[in-house]
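One-based numbering along the sequence shown.
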Amino acid sequence: MRGIRFHTYGPPGVLELEDLDMPVVGDDDVLVRVRAASVNPLDWHTMRGTPYITRVQGGLSRPRAGRLGADLAGHVEAVGKNVTTLRAGDEVFGCQGLDRMGTFAEYVTIRHDAGVVKKPAGLTFAQAASVPVAALTAYLALHRHGRLRDGHAVLVNGAAGGVGTFAVQIAGALGADVTGVCSTANVEMVRTLGAHHVVDYTQEDFTTGERRYDLILDNVGNRPLSAYRRVLAPEGTLVLVSGAGGRFLGPLGRVARALVLSRFTRQRLVFFITDPAKDGLEAVRDLLESGRVAPVIDRTYPLSELPEAIGYLEAGHARGKVVVTL
């Protein structure tokens, strides 16, 4: 089969399209013929080996695995002996854990009990592939970690990105009063996604306003924690999905400060890393099939142009998701 590998850390030019061995199907695995995958910030961080602390697990001087890609959509080709919920021919979508990345390839194995479920009816493979990591992150941040309730005032910082476009829609579907923060070029798009209020960060600083939020979902990390807390309700929750940081520790310093602050305030400051969650994927699928949530795809690239796809996402101007088709 054909797939993407990289043998040294660096910019998108280190990625190579190679002939690879077919994956071995374990007893708990599903073999998927990948029809589409999507790009996430995780891919360029893994490719570049940054922040450097991630190399402790991924390889100090060169990558141990050299694989990229977490999202996928495609057909089931074969299943392991312990798999009873899926069979050959089923159309599926899902995501890999950090230890099994590699969906930028023609075939991939994925555990049936963690990261793969039947594809939402009515979605193309490209649309379905854009969903798992971003939508699952948004859903878990809002529902599980943010404890979102009907009527809550929710602010999504970075509302036009991959996670943000899903978060605006999911929060609205769960009954929240949603404020989206984005640039001027994306104001109308965020409004069409269902945001009740849209803040153009080039014109207004939401952290200096009078409005208070029960839940803030931060996808950007471009404000100090004290600024977020200023507009967070006394018992509100700040969920940190992303964050700026140095080349060595990345956002870990910011996360550590949030965890310490949480011990001395009624406000909850939460950080989490998304991992495949079958129940979460099924909940997202229900929202998609109901029409209350829809993918936003900015650009689509063939597998051979994955370096260009990652470079475009890394530049920071993508609206919604960037998808790779096979």
Student: Indicate yes or no for a side-chain donor-acceptor contact from Q267 to the backbone of P234 under 3.5 Å, with no hydrogens or angles considered.
Tutor: no
Student: Taking the six-membered ring of Y9 (Phe, Tyr or Trp), confirm whether the NZ or CZ of R55 is under 6.0 Å from its centre and within 45° of its axis.
Tutor: yes
Student: Just by modelled atom types, is the V220 backbone N or O under 3.5 Å from a matching donor or acceptor in the D218 side chain?
Tutor: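 Between the backbone of V220 and the side chain of D218 there is a qualifying donor-acceptor contact (under 3.5 Å).
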Student: More than 12 non-hydrogen atoms from neighbouring residues, nucleotides or ligands closer than 6.0 Å to NZ on K118, yes or no?
Tutor: no
Student: To the nearest 0.5 Å, what is the distance between CD1 on I310 and CD1 on I4?
Tutor: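 CD1 of I4 is found 8.0 Å from CD1 of I310.
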Student: Using the rule that two of Ile, Leu, Val, Met, Phe, Trp, Tyr join whenever any of their side-chain heavy atoms come within less than 4.5 Å, decide whether F206 and V163 are in one cluster.
Tutor: no
Student: Counting only heavy atoms not in H143 (residues, nucleotides, ligands), do more than 12 fall under 6.0 Å from its NE2?
Tutor: no
Student: Can any side-chain N or O of R62 pair as donor or acceptor with the backbone N or O of H7 at less than 3.5 Å?
Tutor: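 Yes; at least one donor-acceptor contact below 3.5 Å.
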Student: State, with a plain yes or no, whether a side-chain heavy atom of V296 is found less than 4.5 Å away from one of K321.
Tutor: no
Student: Are the side chains of L193 and T165 in touch, meaning some heavy atoms are under 4.5 Å apart?
Tutor: yes
Student: Out of curiosity, does I110 fall in the hydrophobic cluster containing V76 (side-chain heavy atoms, cut-off under 4.5 Å, transitive links)?
Tutor: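 Same cluster: V76 reaches I110 through Ile, Leu, Val, Met, Phe, Trp or Tyr contacts under 4.5 Å.
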Student: Is it the case that one hydrophobic cluster holds both V324 and V92, taking links as side-chain heavy atoms less than 4.5 Å apart, direct or via other members?
Tutor: yes
Student: Any side-chain heavy atom of F166 within less than 4.5 Å of one from V293?
Tutor: yes
Student: Please state whether the rings of F272 and H145 are parallel, tilted or perpendicular, taking 30° and 60° as the class boundaries.
Tutor: parallel
Student: Backbone N or O of P295 within a donor-acceptor pair of the S130 side chain at under 3.5 Å?
Tutor: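 Side chain of S130 to backbone of P295, a donor-acceptor pair under 3.5 Å: no, none is there.
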Student: Apply the test salt bridge (charged side-chain N to carboxylate O under 4.0 Å, His left out) to residues R223 and D205: give CA-CA distance (whole Å), side-chain angles for both, the deciding distance (0.1 Å), then the verdict.
Tutor: CA-CA 10 Å; R223 298 287 193 280; D205 183 355; 3.4 Å; yes
Student: Does R144 form a salt bridge (charged side-chain N to carboxylate O under 4.0 Å, His left out) with D279? I'd like the steps, not just the answer.
Tutor: CA-CA 12 Å; R144 180 178 298 175; D279 58 340; 3.6 Å; yes
Student: Around D21, counting heavy atoms of other residues, nucleotides and ligands shown, do more than 12 lie under 6.0 Å from its CG?
Tutor: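 Counting other residues, nucleotides and ligands, CG of D21 stays at 12 neighbours or fewer.
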Student: Does H45 form a side chain to side chain contact (heavy atoms under 4.5 Å, CB included) with T54? I'd like the steps, not just the answer.
Tutor: CA-CA 9 Å; H45 285 298; T54 61; over 6 Å; no
Student: Can you give me the closest heavy-atom contact between P307 and P12, atom names plus distance?
Tutor: O-CB, 3.4 Å
Student: Check this for me: does any side-chain nitrogen of one of R2 and D19 sit under 4.0 Å from a carboxylate oxygen of the other?
Tutor: yes
Student: Could you walk me through whether Y312 and Y301 satisfy the side chain to side chain contact (heavy atoms under 4.5 Å, CB included) test, starting with their C-alpha distance in whole Å, then the side-chain angles of each, then the deciding distance to 0.1 Å, before giving a yes or no?
Tutor: CA-CA 11 Å; Y312 178 68; Y301 295 81; 3.5 Å; yes
Student: Donor-acceptor pair, Q96 side chain versus G115 backbone, under 3.5 Å?
Tutor: no
Student: State plainly whether one hydrophobic cluster holds both I297 and F93, where clusters connect Ile, Leu, Val, Met, Phe, Trp and Tyr through side-chain heavy atoms under 4.5 angstrom apart.
Tutor: no
Student: Measure the CZ-CG distance between R229 and L238 for me, rounded to the nearest 0.5 Å.
Tutor: 9.5 Å
Student: Would you call D177-R211 a salt bridge at under 4.0 Å N-O?
Tutor: yes
Student: Please round to the nearest 0.5 Å and tell me the distance separating atom CG of L326 and atom CE of M1.
Tutor: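 Separation between the atoms: 10.5 Å.
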Student: Answer yes or no: is there an ion pair linking E77 with R33, defined by an N-O contact shorter than 4.0 Å?
Tutor: no
Student: Tell me if a side-chain donor or acceptor on R191 pairs with a main-chain N or O of N186 at a distance below 3.5 Å.
Tutor: no
Student: Tell me whether R48 is salt-bridged to E314, with the criterion being a basic N under 4.0 Å from an acidic carboxylate O.
Tutor: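 Salt bridge flag = yes for E314 with R48.
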Student: So how far is it from M189 CE to T192 OG1, rounded to the nearest 0.5 Å?
Tutor: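 These two atoms lie 7.0 Å from each other.
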Student: Would you say T202 and T184 are linked by a side-chain donor-acceptor pair, where the criterion is simply a distance under 3.5 Å?
Tutor: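 Yes.
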Student: Less than 3.5 Å apart, any donor N or O on the side chain of R100 or T109 sitting next to an acceptor on the other?
Tutor: yes
Student: Side-chain heavy atoms under 4.5 angstrom apart, residues restricted to Ile, Leu, Val, Met, Phe, Trp, Tyr: same cluster for V133 and L142?
Tutor: no
Student: Applying side-chain hydrogen bond (donor to acceptor under 3.5 Å, both in side chains) to T46 and D43, what does each step give before you reach the verdict?
Tutor: CA-CA 5 Å; T46 302; D43 294 309; 5.8 Å; no
Student: Could you tell me which non-hydrogen atom of V178 sits nearest to which non-hydrogen atom of A171, and how far apart they are?
Tutor: CG2-CB, 3.7 Å
Student: For H317, I'd like to know if atom NE2 has over 12 heavy atoms of other residues, nucleotides or ligands within 6.0 Å.
Tutor: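 Result for NE2/H317: open.
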Student: Out of curiosity, D214 CG to L155 CG, how far, rounded to the nearest 0.5 Å?
Tutor: 11.5 Å
Student: Which is it for R149 and L215 under the side chain to side chain contact (heavy atoms under 4.5 Å, CB included) test, yes or no, and what are the steps along the way?
Tutor: CA-CA 10 Å; R149 297 292 181 268; L215 171 60; over 6 Å; no
Student: Using a strict 4.0 Å threshold on nitrogen-to-oxygen distance, state whether D286 and R292 make a salt bridge.
Tutor: no
Student: Could you please spell out the steps behind the side-chain hydrogen bond (donor to acceptor under 3.5 Å, both in side chains) verdict for N157 and Y228?
Tutor: CA-CA 10 Å; N157 189 26; Y228 289 115; 3.0 Å; yes
Student: Would you say I216 and V231 make side-chain contact, with heavy atoms under 4.5 Å?
Tutor: yes
Student: Are the side chains of V181 and V156 in touch, meaning some heavy atoms are under 4.5 Å apart?
Tutor: no
Student: Would you name the heavy atoms of A105 and G102 that are closest together and state the gap between them?
Tutor: CB-O, 3.7 Å
Student: Between L72 and C95, does the side chain to side chain contact (heavy atoms under 4.5 Å, CB included) criterion hold? Intermediate values first, please.
Tutor: CA-CA 6 Å; L72 66 87; C95 56; over 6 Å; no
Student: What about F125 and H75, are their ring centers closer than 6.0 Å?
Tutor: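 Under 6.0 Å, so yes.
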Student: Take N82 and D28 through the side-chain hydrogen bond (donor to acceptor under 3.5 Å, both in side chains) test and state the conclusion after the steps.
Tutor: CA-CA 5 Å; N82 294 336; D28 297 304; 3.1 Å; yes
Student: Using every non-hydrogen atom in the two residues, find where A318 and L313 come nearest and quote the distance to one decimal.
Tutor: CB-CD1, 3.8 Å
Student: Which atom names give the shortest non-hydrogen contact between V34 and A36, and what distance separates them?
Tutor: CG1-O, 3.5 Å
Student: Under a 4.5 Å cut-off applied to non-hydrogen side-chain atoms, are I170 and L287 in contact?
Tutor: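 Side chain of I170 against side chain of L287, heavy atoms only: contact under 4.5 Å found.
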Student: Should T137 and V241 count as side-chain neighbours, where that means a heavy-atom distance under 4.5 Å?
Tutor: yes
Student: Strictly distance-based, threshold 3.5 Å: is any side-chain N or O of R212 a donor or acceptor partner for the main-chain N or O of E210?
Tutor: yes
Student: Check whether K278 reaches the backbone of E282 with its side chain - one donor and one acceptor, N or O, closer than 3.5 Å.
Tutor: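 Pair absent, no side-chain N/O of K278 close to backbone of E282.
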Student: In the structure I gave you, are the side-chain heavy atoms of H112 and V79 within less than 4.5 Å of one another anywhere?
Tutor: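 No, side chains not in contact.
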Student: Can you tell me how far the CZ atom of R268 sits from the CG atom of L232, to the nearest 0.5 Å?
Tutor: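 Result: 10.5 Å between the selected atoms.
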Student: For P276 and L136, work out which heavy atoms get closest and say how close.
Tutor: CA-CD2, 4.2 Å
